[in-house]
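The block underneath contains the structure these notes are about, expressed in structure tokens.
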Amino acid sequence: MRNALVSAENLQLTLKSDFSSEEQALTNNHSSGNEEKPTKKPHFFLFFNHFETMNEDLKEMLESNKESLKLEAMKRIVGLIAKGKNASELFPAVVKNVASKNIELKKLVYVYLVRYAEEQQDLALLSISTFQRALKDPNQLIRASALRVLSSIRVPIIVPIMMLAIKEAATDLSPYVRKTAAHAIQKLFSLDPDQKEHLIEVIEKLLKDKSTLVAGSVVMAFEEVCPDRIDLIHKNYRKLCNLLVDVEEWGQVVIIHMLTRYARTQFVSPWREDAVFDENSEKAFYDSEEERRVDQSKPYIMDPDHRLLLRNTKPLLQSRNTAVVMAVSQLYWHLSPKHELSIITKSLVRLLRSHREVQYIVLQNIATMSIQRKGMFEPFMKSFYVRSTDATHIKTLKLEILTNLANEANISTILREFQTYVKSQDKAFAAATIQAIGCCATNISEVTDTCLNGLVLLLSNRDETVVAESVVVIKKLLQTQPSQHSDIIKHMAKLFDNITVPMARASILWLMGEYCEHVPKIAPDVLRKMAKTFTDEEDIVKLQIVNLAAKLYLTNSKQTKLLTQYILNLGKYDQNYDIRDRTRFIRQLIVPNEKSGALSKYARRILMAPKPAPVLQSAFKDRDRFQLGTLSHTLNSQASGYLELSDWPAVAPDQSVRNVEVAGAPALSKSKPAKSNEKQKRIRSTCLRIMQHNYSLNYYLPPQIIQKTLNIMTKYILIHIVLSISSPFFVNCMCSLLHLCVFLACQFDAVSWPVRVSLQASSPVFVPETSHELLHRMTGKGLSAQYRFTRQPCIYGNSMVSLQLTLSNRTDQALENIHISEKSSTGQNIHRFNAIERLEPQASVTVSMGVDFNDSTQTANFQLCTKEDEFSVSIQPAVGELLLPITMSEADFTKEQGKLVGMNESSATITITPENVSSQSVNRKVVSVANLGVIPSGQENIYRFAGKTVSSGSLVLVSVALKDPDAMITINTEKTVMGSMLLRQVKTAVQGM
Amino acid sequence: MIHSLFLINASGDIFLEKHWKSVVSRSVCDYFFEALERATEPENVPPVIPTPHHFLINVLRHRIYFVAVIQSEVPPLFVIEFLHRVVDTFQDYFGVCTEAAIKDNVVVVYELLEEMLDNGFPLATESNILKELIKPPTILRTVVNTITGSTNVGEQLPTGQLSVVPWRRTGVKYTNNEAYFDVVEEIDAIIDKSGSTITAEIQGVVDACVKLTGMPDLTLSFMNPRLLDDVSFHPCVRFKRWEAERILSFIPPDGNFRLLSYHVSSQNLVAIPVYVKHNISFREGSSQGRFELTLGPKQTMGKAVESVLVSSQLPRGVLNANLNPSQGTYTFDPVTKLLSWDVGKINPQKLPSLKGSMSLQTGASKPDENPTINIQFKIQQLAISGLKVNRLDMYGEKYKPFKGIKYMTKAGKFQVRT
């Protein structure tokens with residue numbers, strides 16, 4: 001009773017200790033000031049109190065002014081974390097120190113943050129701005145560690161911030177920071193898999209990185225985020241092969257594994273009999289390219305890239321890192337021609353000298369290899385001899401390998417070695433050896449008799465497990481040739497009384513029954529003995545007694561009829577239902593009565609059917625379905641994230657994809673110029689097509705630029721050559737050339753391109769991905785349309801807003817002639833897209849159009865038509881989309897702002913939580929609602945943005961000034977209506993932070 | 001890759017945990033404890049243990065289990081090699097890698113682990129780089145730090161991290177420039193009952209201790225490089241030069257490192273430097289067994305065999321051993337049945353022997369197998385394979401370093417079956 005009371009009170013107090021934090025803080029403050037306080041508390045509270053005071057101490061230390069005290073506290077907290085104790089209560093106190101100048105203190109705070117941020121998401125946000133600032137630090141170590149911690153804080157709200165940070169770090173000058181960015185990619189991916197597409201872009205960029213420091217990490221990210229995007233590897237394949245030797249060892253492992261998979265998809269199998277192998281086959285390869293088309297049955301010649309991989313990984317077999325050696329070995333196993341495989345043997349055997357755990361993995365892989373290719377390891381057989389000091393699992397693996405290596409020539413040596421093992425004190429190992437002997441005996445027929453005799457000798461061994469294992473193995477062996485071995489069966493019958501292991505007894509009984517015709521005198525006697533002890537036997541033995549009885553009844557019913565009846569009766573009332581079932585079944589089968597049907601006629605054929613001998617095979621037989629050296633191979637079951645190794649392709653995919661673009665101009669200029677005018681026209685149209693192809697989605701070039709580009713291109717002799725050779729490689733060259741020409745054209749046309757020279761237009765800071773519904777598929781009878789603002793200067797006219805339209809056909813018939821009707825209902829000037837002749841079912845197409853909104857948010861209405869129907873649709877632009885970003889200096893900004901006051905100025909003040917504001921978040925919010933350019937600001941709390949309206953080109957200036965806790969937003973523009981609308985939007989955006 | 005790490009001591013307590021991704025509950029170790037229970041010996045725990053959601057990869061060093069938690073496919077050797085590298089680093093930092101040392105330096109351990117892995121992928125494992133990031137604790141530094149408030153943590157990215165020679169830091173300075181090389185060879189052998197060699201191999205390493213100023217470029221050549229059958233190098237060795245000229249050319253790391261490990265081709269006959277005469281017998285029906293063991297030198301090229309230690313696991317039936325060594329001391333542990341005899345140096349004139357009787361459990365049957373005998377020994381100033389260093393040259397720096405080469409032969413896994 002008393003106990004119950006105490007525990008109830010205890011419970012209350014536990015609850016109480018979870019009271020509101022304010023109350024706790026209050027009492028805590030008390031206790032810190034007054035040291036006797038704990039003693040006044042009731043005695044059963046002491047336990048809780050102990051923790052509280054300890055944390056209290058730490059809190060106090062953390063809040064003190066002394067750096068050394070803080071550091072001491074953090075050290076103790078890290079100690080707590082290491083022990084797995086919960087220190088999350090201290091979060092608020094710890095997080096304050098995140099901006100500490102003391103680097104060790106800072107690092108320990110990072111350790112703490114990463115551990116607990118997931119649990120305390122809201123508080124963790126307080127630290128974000130510190131990291132954002134640190135990301136800009138001139139010290140690369142600080143930048144890198146800020147990114148590391150920022151990306152390790154698993155708080156979903158900061159995903160966009162992480163994304164930005166990663167993108168920025170991926171272009172950092174320091175390779176160390178870029179490496180950290182590659183790691184951060186994986187972290188972000190596991191936090192929010194929806195970011196995959198953006199992350200792939202970063203990976204693609206980082207894969208191009210030439211630093212050896214980055215290579216391993218980015219390939220790791222590739223393997224985790226998008227292992228199926230093998231197309232990203234093509235261009236980097238040769239670079240990776242060449243860098244491999246200089247990459248740090250951990251990166252080497254990852255790259256080698258990835259390249260193994262890559263090679264299996266890109267090259268044809270070298271495992272052909274007529275293959276020709278030449279270390280320097282590159283020349284031969286190019287010479288024979290034409291022959292290949294003619295003669296399909298020509299001998300195999302290795303792809304030079306395939307050879308490159310093999311050649312560059314070979315030196316790594318000498319690495320001190322066992323994982324690298326294993327990785328290269330598996331690469332050779334899966335990729336190299338069979339006759340080159342032997343070079344990995346020595347290295348693998350060398351690894352056996354390493355730690356126990358390394359041995360275990362390497363032996364497993366050797367076991368799998370040795371099944372397919374005995375020859376590889378046969379010369380090193382002695383390295384697999386078992387030592388008494390080996391761990392049991394190492395011993396069994398070595399045994400497995402020795403069994404696999406056994407052949408006619410070495411079997412006597414191996415058997416002699418096995419004899420020593422059978423005597424081992426480790427009985428489990430001795431039993432495994434007996435199994436191995438059995439395996440050798442079945443695999444090599446010459447020694448079957450020798451082995452059998454040896455095993456029979458073991459039957460008189462004193463150890464039970466050895467005897468039992470021998471019986472089981474002998475049983476298996478006898479099945480292969482029973483007639484010759486009736487004396488062994490007799491011998492076993494004699495030993496039967498002394499054997500107690502159930503499995504062994506069952507095996508002997510089964511042998512008796514199966515071969516009762518060879519031992520007609522002994523078998524009934526054994527059954528007689530068994531009838532006496534039936535009730536005391538184990539279940540498996542009982543089952544075999546029933547079997548033996550049934551078989552004897554069929555062959556020798558005169559002597560055993562009564563015994564069988566007796567045993568069947570015993571079995572009928574057995575406690576085990578399996579035995580009862582078996583008895584019932586056997587009785588119906590063998591004892592003919594009126595109820596038993598046709599089945600009993602076949603009883604003899606059912607029970608005495610010749611049974612195939614069991615095949616003794618290695619446990620590693622089917623392990624080669626897994627890639628060697630992987631976790632899945634070790635466990636012999638597929639681990640999550642295992643990437644299947646594909647089969648060799650029958651025909652090699654295009655190998656030119658691995659060619660890297662090089663500026664080919666000088667080499668090409670030697671060719672003859674083309675003359676005919678017609679040809680020029682053709683070239684022009686081709687160029688145009690290519691340009692549209694390459695640029696329509698990325699850039700919107702003003703028409704005059706396109707014109708200029710075409711002129712330059714057609715004038716420029718190179719193009720003729722480029723176009724007359726249409727291999728994929730030259731298309732790549734051509735793209736680079738196009739870039740060059742566009743650049744040139746822009747240079748020549750510098751006057752006409754920017755609309756107002758004084759206001760330098762800039763590219764948009766942010767392009768929203770969101771699309772808006774234009775036509776729903778229900779109202780559009782299956783045609784759906786969406787639009788988005790591309791925020792690019794429109795190519796159709798300077799006063800137009802550029803739009804991208806995605807039309808999809810959701811019906812099951814093709815839609816024809818999709819276009820915009822000529823008659824526009826409102827006054828806007830619309831540049832229509834070219835009519836789409838035909839849109840297949842479920843297909844979609846993206847087109848671009850331009851609308852001149854006249855700097856107003858009035859909706860643009862027009863008709864979207866198909867062959868049969870007409871749909872009225874409308875586009876309502878957000879005010880922010882009617883702008884184009886411009887850049888100017890801060891001084892210009894203030895100057896222009898000074899001109900636009902009074903009527904032209906609108907402003908508002910809002911309250912925001914200052915902690916949540918960082919320069920990046922303000923910038924991001926503003927540019928997401930309005931297409932404005934960011935003006936670099938000298939003052940910390942003022943953010944400036946500038947743009948111009950699309951139609952009239954009037955200046956729009958936005959500034960956001962943060963004054964704790966208020967933010968003042970000011971907009972200056974001649975277009976007052978737009979100004980006030982914009983103000984409302986910016987206000988909601990900034991407030992929403 | 002590596003999700004979390006747990007350190008577990010011999011008595012099964014988790015005394016340190018570290019997570020690189022989201023926290024994995026320590027209850028995952030229960031699967032490890034299950035495996036530990038099933039294993040008869042500490043070494044018999046399987047290195048890879050699958051659990052429903054994770055995989056546990058463990059290594060056992062210095063009686064501590066380092067258990068890494070993995071969530072998806074990864075080359076197991078990658079993890080194992082890394083864990084061993086962690087142990088090596090701890091040893092490098094604290095001198096010993098024991099539970100006490102780790103607990104005393106828990107903050108440094110945490111800082112190290114933080115630097116060694118990022119998101120479970122190795123970031124910096126090179127000891128030179130780590131030592132610049134986190135300075136190893138010494139008594140002097142601890143005292144200085146408490147007074148001045150300076151820290152153990154470096155503020156700059158170690159130069160090695162970015163350079164093409166990540167293993168060497170810049171600005172190394174010594175007043176005495178020295179380079180020492182130890183050629184250590186180990187003989188692995190199994191000798192059968194009759195004294196004939198079943199298998200014998202020589203594995204060797206060249207360990208270096210280089211304390212040279214600046215960026216020296218060294219070359220080391222052997223008199224008989226053909227002996228080396230299979231080699232593995234420290235990353236600093238230029239592989240192409242070795243392939244072409246059989247010369248080791250390298251810019252060495254600062255301090256102690258393993259330059260090379262090699263295997264001497266098994267075609268060469270291996271000289272076995274000791275022989276054992278033994279007579280261990282048990283008679284049926286008697287509770288006494290006889291034990292006689294004599295050691296002698298053989299093929300030692302005139303060098304003395306030192307630090308000889310004989311150990312043997314006697315059969316379970318043996319209750320006690322009453323032996324008489326002609327030199328050295330012996331111990332017999334009646335629980336583990338381990339007999340060990342510390343012989344010391346073998347004197348060719350007076351061969352060491354251990355003779356006496358063993359008492360067996362009464363009524364127990366005669367053991368099937370005679371015990372195997374493990375022998376350890378050392379021979380100074382001899383590389384048993386005959387490998388010899390030809391010369392060591394230094395380029396790239398002006399001063400003249402002090403050079404030294406030492407040879408030694410040791411027993412590796414040297415077993416005699418009786």
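Basis for what follows: all heavy atoms, side chains included, without hydrogens, waters or symmetry-related copies. Proteins get letters first, then strands, A, B, ... in listed order; numbering begins at 1 in each. Just so we're clear, the structure is a prediction, and the values are computed from it rather than from any experiment.
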[X] versus chain B, the contacting section by heavy-atom distance below 4.5 Å:
| X | value |
| --- | --- |
| A:Val422 | neither |
| A:Val254 | side chain |
| A:His257 | side chain |
| A:Ser190 | neither |
| A:Asn321 | both |
| A:Val253 | side chain |
| A:Gln359 | side chain |
| A:Ile81 | both |
| A:Gln330 | neither |
| A:Tyr642 | both |
| A:Arg387 | both |
| A:Thr634 | side chain |
| A:Val386 | backbone |

Which answer fits [X], side chain, backbone, both or neither, if we ask what part of it has an atom under 4.5 Å from a heavy atom of chain A?
| X | result |
| --- | --- |
| B:Leu16 | both |
| B:Leu314 | backbone |
| B:Glu17 | both |
| B:Asn374 | side chain |
| B:Leu260 | neither |
| B:Arg417 | side chain |
| B:Trp20 | backbone |
| B:Val79 | neither |
| B:Tyr110 | side chain |
| B:Leu117 | backbone |
| B:Leu83 | neither |
| B:Phe239 | side chain |
| B:Glu126 | side chain |

For [X] and [Y], indicate whether the former's side chain and the latter's backbone hold a donor-acceptor pair under 3.5 Å.
| X | Y | value |
| --- | --- | --- |
| B:Asp192 | B:Ser196 | yes |
| B:Glu73 | A:Ser632 | yes |
| A:Asp137 | A:Asn139 | yes |
| A:Lys427 | A:Ser424 | yes |

Counting heavy-atom pairs under 4.5 Å with chain B, which one of [options] comes out on top?
| options | result |
| --- | --- |
| A:Thr212, A:Thr420, A:Val114, A:Asp246 | A:Thr420 |
| A:Met220, A:Glu223, A:Met326 | A:Met220 |
| A:Lys382, A:Gln638, A:Gln425 | A:Gln425 |

Tell me which of these, [options], has more heavy-atom pairs under 4.5 Å with chain A than the rest.
| options | result |
| --- | --- |
| B:Trp242, B:Phe55, B:Phe15, B:Tyr262 | B:Phe55 |
| B:Val231, B:Val106, B:Thr372 | B:Val231 |
| B:Lys103, B:Arg85, B:Lys193, B:His234 | B:Arg85 |
| B:Glu186, B:His19, B:Glu243 | B:Glu186 |
| B:Gly120, B:Pro46, B:Pro75 | B:Pro75 |
| B:Ser72, B:Pro50, B:Pro76, B:Pro371 | B:Pro76 |

Indicate yes or no: at least one non-hydrogen side-chain atom of A:Arg320 is less than 4.5 angstrom from one of B:Ser261.
no
Just by distance, with hydrogens left out, do [X] and [Y] show a side-chain donor and acceptor under 3.5 Å apart?
| X | Y | result |
| --- | --- | --- |
| B:Arg61 | B:His84 | yes |
| A:Ser88 | A:Asn86 | yes |
| A:Ser388 | B:Gln415 | yes |
| A:Ser319 | A:Gln252 | no |

So does B:Lys21 have more than 12 non-hydrogen atoms from other groups sitting under 6.0 Å from NZ?
yes
Residues [X], [Y]: salt bridge by 4.0 Å N-O rule:
| X | Y | answer |
| --- | --- | --- |
| A:Arg115 | B:Glu114 | no |
| B:Glu115 | A:Arg148 | yes |
| B:Asp118 | A:Lys179 | no |
| A:Glu67 | A:Lys101 | no |

Give, for atom CZ of A:Phe384 and atom CG of A:Asp390, the distance between the pair rounded to the nearest 0.5 Å.
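Separation between the atoms: 12.5 Å.
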If the condition is side chain to side chain donor-acceptor pair (under 3.5 Å), which residues does B:Asn44 pass it with, not counting sequence neighbours?
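Side chain to side chain donor-acceptor pair (under 3.5 Å) check on B:Asn44 returns A:Thr392, B:Thr40.
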For B:Phe66, check ring-ring contact (aromatic ring centres under 6.0 Å, His included) against everything at least two apart and list the hits.
none
Stepwise side-chain contact (heavy atoms from CB on, under 4.5 Å) check, A:Ser329 with A:Asn365:
CA-CA 10 Å; A:Ser329 302; A:Asn365 285 291; over 6 Å; no
Option passing salt bridge (Lys or Arg N to Asp or Glu O under 4.0 Å) with B:Asp230 (candidates A:Arg353, A:Lys346, A:Arg350):
A:Arg350
